[in-house]
Amino acid sequence: MRYPFTSIEEKWQRRWEEDGLYFVEDFDARPKYYCLEMFPYPSGKLHMGHVRNYAIGDVVARFKTMRGFAVLHPMGWDAFGLPAENAAIKHGVHPRDWTWANIAFMREQLKKLGVGYDWRREFATCHPGYYRWTQWLFLRFYYHGLAYKKKAPVNWCPSCATVLANEQVVAGACERCKTPVTRRELAQWFLKITDYARRLLEDIEKLPGWPEKVRVMQENWIGRSEGAYVSFPVVDHPAEISVYTTRPDTLYGVTYMVLAPEHPLAEELTAPGCKEAVAAFVNRARALSELSRTAGEAEKEGLFIGAYCENRLTGERLPVFIANYVLMEYGTGAVMAVPAHDQRDFEFAKKYNLPVKVVIQPPGTELDPRTMTEAYVDEGVMVNSGPFSGMESEEGKKAVTAYLQERGWGGHQVTYRLRDWLISRQRYWGVPIPILYCAKCGTVPVPEEDLPVVLPYNVAFKPTGESPLKDCPEFVNATCPRCGGPASRETDTMDTFVCSSWYYFRYTSPREENGPWDRAKVGRWLPVDQYIGGVEHAILHLLYSRFFTKFLCDNGLVGYDEPFTNLLTQGMVLKDGAKMSKSKGNIVSPEEIMSKYGADTTRLFILFAAPPERDLEWSDQGVEGCARFLDRVWRIVSAVLPEVKKAAPPKKDLVGVNRELRRLTHVTIKKVTEDIERFNFNTAISAVMELVNGIYRFCDRVPQVDRDPGALREATETVAVLLAPFAPHISEELWERLGHRESIHRQPWPEYDPGLLVEERITVVVQINGKVRGRIMLPPAATPQEMQDEALREPRIRQLLMGKTMSKVVTVPGKLVNIVVK
RNA sequence: GCCGGAGUGGCGGAAUGGCAGACGCACGGGACUUAAAAUCCCGGGGAGCAAGGCUCCGUGUGGGUUCAAAUCCCACCUCCGGCACCA
């Protein structure tokens with residue numbers, strides 16, 4: 001028989017809401033704790049990944065509340081984005097109506113899950129009251145020169161009909177729809193995140209509370225490298241080609257130069273006879289998708305453009321090529337090719353029969369260009385390098401760089417892989433970029449007092465590759481705030497990651513009208529003490545948010561330069577070993593599970609089945625087991641209720657089974673407390689299960705006259721309290737039935753009594769040569785000598801030691817005795 | 001290729017130098033029942049034997065350190081994730 005979860009859950013959800021149980025005031029005497037889960041995109045319904053995310057967050061929030069913290073635990077909606085617009089195109093629903101309907105539905109689902117949010121703080125990023133401040137922040141970036149428009153080759157997703165940020169391109173394809181990305185030359189808005197590359201990298205050290213995995217991913221993404229820039233004068237032309245290299249020690253081994261096809265000098269330097277071929281090559285390379293140009297096995301292709309430049313160190317003339325393997329976006333868009341010591345250059349040189357010149361000799365062997373099958377890319381001793389010959393690579397790098405610097409031919413340089421963040425999107429359902437274009441005044445920012453630039457409701461949704469706002473005259477046509485003349489509005493909207501880069505500040509003062517947030521409230525709550533979400537945001541959202549926070553800190557808008565002190569990245573929810581997805585048809589819907597088993601069982605299973613960081617394999621039988629456990633709790637509490645309801649506190653001097661029950665209770669409190677602190681929810685729950693099993697055994701074996709009702713009451717109430725963060729409804733109901741008036745979620749977390757943890761007698765293992773050969777019972781305080789003596793008195797041990805020589809005895813107090821014999 | 005993480009019963013997982021397999025699932029036995037379900041209690045790593053208690057083997061593989069290794073060190077294998085022509 002199943003306990004009546006439906007009525008219990010409804011009853012308490014209603015009661016909690018009426019009582020405002022989860023409201024938290026901004027200022028009270030308790031220490032603060034900000035617990036935040038990544039807010040969802042309102043796609044329609046919650047999926048199991050959401051359930052996992054919010055169940056984990058709720059355990060943390062409830063636990064910290066019971067431990068005496070003022071816990072800020074809010075929820076909101078990352079509500080702009082493409083799916084809304086795609087739904088509009090497909091089903092003829094307006095993105096706004098679609099989004100708000102989804103929000104209403106998902107809010108109810110979260111409430112049914114029993115998550116304890118302060119719903120007064122809810123907001124959606126698509127509300128003008130919120131995006132007004134997104135625009136305001138954009139203008140702060142703009143005024144500091146960190147928001148700029150430039151024409152550049154950008155990633156274009158033909159299916160989404162919009163441009164994408166670098167971070168949104170995964171293996172050359174759109175991270176949303178997996179369509180291969182193409183390149184387009186477009187004028188687009190960027191945020192200058194590269195200005196913060198150094199600090200974003202260095203400050204990763206300030207994040208010991210983040211998973212190593214995420215920190216490494218960010219480090220790799222930012223991609224710092226140290227080297228030199230070197231300029232090469234072009235022969236018979238005033239221009240110089242500047243390159244970036246991490247191996248200035250190989251400068252004497254350069255045998256040719258390569259420009260990216262998009263390089264500004266490529267066309268200019270092309271000899272008259274080569275014009276046509278070069279133009280054709282450049283066009284071909286430009287049209288190629290990022291995928292085919294960069295993914296693995298793409299054959300290196302290039303073309304001599306008929307120009308030469310000079311290596312100032314050797315005086316050699318070097319032919320200039322354009323080639324598909326050089327990227328315009330990195331370094332200077334040009335490289336010096338050293339085939340002997342760079343694998344890419346080596347492959348290119350072999351294909352086009354270019355000379356290979358060895359300038360680094362590895363220790364022990366001698367390289368011969370004629371017999372080399374691959375480049376030697378490691379360090380060694382410089383050879384054929386003029387005055388630098390004989391130097392070690394490491395020393396040579398410094399010496400060559402210094403030499404270049406003295407002569408003005410180059411110098412030391414640090415380069416990052418990180419590129420500026422492209423935030424323009426040619427889509428309707430996003431924050432309008434608050435910029436005007438005036439024929440007289442040029443680019444003019446919308447004055448702050450005119451914000452928000454409101455997204456018009458009546459537009460036509462066609463995926464044309466241009467923003468639907470372009471066809472909306474009442475939006476486009478505006479007046480220039482500088483000269484009063486006619487102006488047109490920017491019609492691109494912002495990447496939704498802009499909206500989510502600052503939402504965690506807004507929860508502190510969600511209706512603030514005088515600024516994006518109330519400074520004092522942000523000071524009270526930030527930084528986020530515990531952030532919880534999927535690892536898929538390891539780079540995108542988390543890097544952008546760090547960038548925003550640093551910028552805001554520099555401008556005195558917040559007092560911290562890192563937003564998230566501790567980060568927990570949860571694993572995926574799998575079914576049959578694969579991520580749940582529509583296409584695989586292996587989706588388990590939270591609605592179905594919750595109506596069949598209730599929210600408490602659903603939460604309990606998802607927390608019990610695996611530790612939070614690890615992937616979780618869904619198991620219907622596992623859910624069944626958790627339901628059974630809660631039934632078991634329900635039954636035992638109901639059964640002992642008459643016995644314990646009026647019981648006095650447990651007597652101090654209990655012995656035997658009653659004391660044993662108290663010991664188990666306190667051991668469990670200790671274990672559950674420590675496990676929750678370490679996010680080991682699965683073992684915390686198993687400890688509660690053991691306590692419940694212990695109560696059952698106690699009731700099964702100890703006649704009622706011999707039971708101490710106080711000890712039994714303590715055990716029973718402890719089960720309810722320890723379960724409260726995991727299964728908030730059933731524990732609240734049991735708490736009430738046990739005679740309490742105040743919510744269980746307002747109770748202080750129980751303390752264990754260390755004096756009750758000790759056993760009267762413990763089992764000590766006796767080993768001979770590390771193998772268990774016997775067990776002895778001893779008081780826990782037995783000294784090593786007593787342990788050893790007792791072990792040696794054991795008949796079986798004596799028998800096994802017969803005729804052997806004891807060479808050593810190792811004792812671990814409270815644990816074991818190991819006798820080493822020869 | 002580089003960087004991370006993981007590998008333990010039939011399954012999810014526990015143990016971070018000290019009794020491997022907690023807890024749960026599945027399975028088996030018992031009690032209750034006319035019976036079944038539910039429930040409650042008990043039992044389950046493998047192999048061997050002179051079998052009811054003992055021996056041996058056992059945490060991906062092979063070596064090492066240690067009185068003692070799932071745990072620490074070295075080499076390798078497999079799976080998962082991230083990055084990947086970044087000069």
Side-chain angles (χ1 to χ4, degrees), chain A residues 1-2 170-172 211-221 223-225 227 243-247 250 258 293-300 323-327 329-338 341-345 347-348 377 415-419 535-536 538-539 571-572 577 605 608-611 613-626 628-629 631-632 635 671 680 682-690 692-693 696-697 699-701 763-775 796 807-812 814-821:
Chain A
M1 201 216 44
R2 207 118 276 184
V170 176
E212 169 77 7
K213 180 187 182 173
V214 175
R215 300 197 327 221
V216 169
M217 280 167 79
Q218 292 214 352
E219 270 171 33
N220 291 343
W221 189 260
R224 186 190 131 101
S225 85
V243 303
Y244 170 71
T245 178
T246 54
R247 295 296 301 271
T250 63
V258 198
R293 207 173 133 184
T294 58
E297 64 264 38
E299 176 84 2
K300 289 176 182 43
N324 60 355
Y325 75 96
V326 176
L327 306 174
E329 295 82 7
Y330 185 76
T332 61
V335 302
M336 56 179 228
V338 188
H341 306 293
D342 181 287
Q343 186 58 24
R344 295 153 301 181
D345 299 341
E347 286 166 25
F348 191 83
V377 297
T415 299
Y416 296 92
R417 208 189 72 116
L418 184 71
R419 321 257 167 91
V535 73
E536 64 273 17
I539 294 169
M572 286 187 294
F605 168 71
F608 177 64
E613 310 83 1
R614 240 196 274 180
D615 287 350
L616 181 155
E617 176 66 31
W618 185 268
S619 155
D620 290 331
Q621 283 159 340
V623 181
E624 193 69 40
C626 286
R628 228 149 40 202
F629 168 67
D631 287 337
R632 209 166 137 79
R635 272 193 305 270
K671 167 99 176 127
N680 289 346
N682 54 336
T683 50
I685 292 166
S686 75
V688 180
M689 287 172 169
E690 287 183 74
V692 171
N693 291 346
Y696 266 91
R697 238 184 342 262
C699 292
D700 187 47
R701 288 175 194 176
T763 307
V764 169
V765 168
V766 184
Q767 296 181 333
I768 296 175
N769 285 345
K771 288 183 201 261
V772 182
R773 289 292 186 256
R775 293 183 172 77
R796 201 176 122 65
S807 61
K808 190 175 174 182
V809 178
V810 180
T811 54
V812 181
K815 287 247 167 73
L816 63 76
V817 179
N818 186 14
I819 303 160
V820 186
V821 297

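Everything numeric in this text was worked out from a predicted model, so none of it was measured. We name chains A, B, ... by the order of the sequence lines, and we start the count at 1 in each one.
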Exercise. What is the distance from CG of Asp700(A) to P of C40(B), rounded to the nearest Å?
Worked result: 10 Å

Problem set entry | Structure string for RNA chain B in dot-bracket form, Watson-Crick and G-U at under 3.5 Å, | interchain | (((((((..(((.....[....))).(((((.......))))).(((((...)))))..(((((..]....))))))))))))....

For this session: Could you pull out all residues at least two apart from Arg417(A) that satisfy side chain to side chain donor-acceptor pair (under 3.5 Å)?
Result: none

Exercise. Given atom CZ of Phe629(A) and atom C1' of C40(B), what is their separation to the nearest angstrom?
Worked result: 16 Å

Problem set entry | Distance between C1' atoms of G52(B) and G48(B) (Å, rounded) | 15 Å

For this session: Produce a footprint string for nucleotides 10-21 of chain B: one letter per nucleotide, 5' end first; B if the base is under 4.0 Å from any protein heavy atom, S if only the sugar-phosphate is, - if neither.
Result: --BSS---BB--

Exercise. What residues form a side chain to side chain donor-acceptor pair (under 3.5 Å) with Thr763(A), not counting sequence neighbours?
Worked result: none

For this session: Describe the nucleic acid contact of Val335(A) in one word from base, sugar-phosphate, nothing, applying a heavy-atom distance below 4.0 Å.
Result: base

Exercise. How would you list, by chain and number, every residue that makes a side chain to side chain donor-acceptor pair (under 3.5 Å) with Asn769(A), sequence neighbours excluded?
Worked result: none

Exercise. How close or far is atom P of G5(B) from atom CE of Met572(A), stated in whole angstroms?
Worked result: 17 Å

Problem set entry | Syn/anti label of G44(B) as read from its glycosidic torsion, with the cut at 90° from 0 | syn

For this session: Please state how far atom NZ in Lys213(A) lies from atom P in G4(B), giving the value in whole angstrom units.
Result: 13 Å

For this session: Nearest 0.5 Å please: distance from the NZ atom of Lys213(A) over to the CE atom of Met217(A).
Result: 6.5 Å

Seminar exercise, completed: For Arg224(A), the side chain to side chain contact (heavy atoms under 4.5 Å, CB included) test, sequence neighbours excluded, returns Leu201(A), Glu226(A), Val414(A), Tyr416(A)

For this session: Please check the phosphate of A87(B) (OP1 and OP2 only) for any side-chain N or O of Tyr325(A) closer than 4.0 Å.
Result: no

Problem set entry | Between A84(B) (P) and Lys300(A) (NZ): distance, integer Å | 15 Å

Exercise. Between G24(B) atom P and Glu690(A) atom CD, what is the distance in whole Å?
Worked result: 7 Å

Exercise. If you look at every strand shown and take non-hydrogen atoms under 4.0 Å, does Ser225(A) touch a base, only sugar-phosphate, or nothing?
Worked result: sugar-phosphate

For this session: Using the P atom as the reference point in each nucleotide, state the distance between A37(B) and G29(B) in Å, no decimals.
Result: 12 Å

Seminar exercise, completed: Sequence neighbours excluded, the answer for ring-ring contact (aromatic ring centres under 6.0 Å, His included) partners of Phe608(A) is none

Problem set entry | Side-chain N,O (Arg773(A)) to OP1/OP2 (U55(B)) below 4.0 Å | yes

For this session: Could you work out the separation of U66(B) and U71(B) based on their C1' atoms and round it to a whole Å?
Result: 13 Å

For this session: Using a 4.5 Å cut-off on heavy atoms from C-beta on, say whether the side chain of Met572(A) contacts that of Asp615(A).
Result: yes

Exercise. Should the pair Phe348(A) and Tyr325(A) be assigned to parallel (<30°), tilted (30 to 60°) or perpendicular (>60°) ring geometry?
Worked result: tilted

Problem set entry | A38(B) to C25(B) separation - P atoms, rounded to the nearest Å | 12 Å

Problem set entry | For Val765(A), all residues meeting side chain to side chain contact (heavy atoms under 4.5 Å, CB included), sequence neighbours excluded | Gln767(A), Val772(A), Leu816(A)

For this session: Pick base, sugar-phosphate or nothing for Arg215(A), based on heavy-atom distances below 4.0 Å to the nucleic acid.
Result: nothing

For this session: Please measure how far the P atom in A15(B) lies from the corresponding atom in G64(B), and state the result in whole Å.
Result: 29 Å

Exercise. Is the glycosidic angle of G9(B) within 90° of 0, making it syn, or outside that range, making it anti?
Worked result: syn

For this session: Indicate, yes or no, whether a donor-acceptor pair under 3.5 Å links the base of C67(B) to the side chain of Lys808(A).
Result: no

For this session: With P as the reference atom in both, quote the distance from G24(B) to A31(B) in angstrom, rounded to an integer.
Result: 23 Å

Report all interatomic pairs (protein N or O, nucleotide N or O of nucleotides 1-3 of chain B) with separations under 3.5 Å.
none

Problem set entry | For Asn220(A), all residues meeting side chain to side chain contact (heavy atoms under 4.5 Å, CB included), sequence neighbours excluded | Val216(A)

Seminar exercise, completed: Sorted by chain and number, sequence neighbours left out, side chain to side chain donor-acceptor pair (under 3.5 Å) with Asn818(A) holds for none

Exercise. Can you tell me if the side-chain N/O atoms of Arg2(A) get under 4.0 Å from OP1 or OP2 in U39(B)?
Worked result: no

Problem set entry | Under 4.0 Å protein heavy-atom contact, by nucleotide of nucleotides 25-32 of chain B - B base, S sugar-phosphate only | SS------

Problem set entry | Euclidean distance, atom CG of residue Asn769(A) to atom C1' of A68(B) [Å, nearest integer] | 10 Å

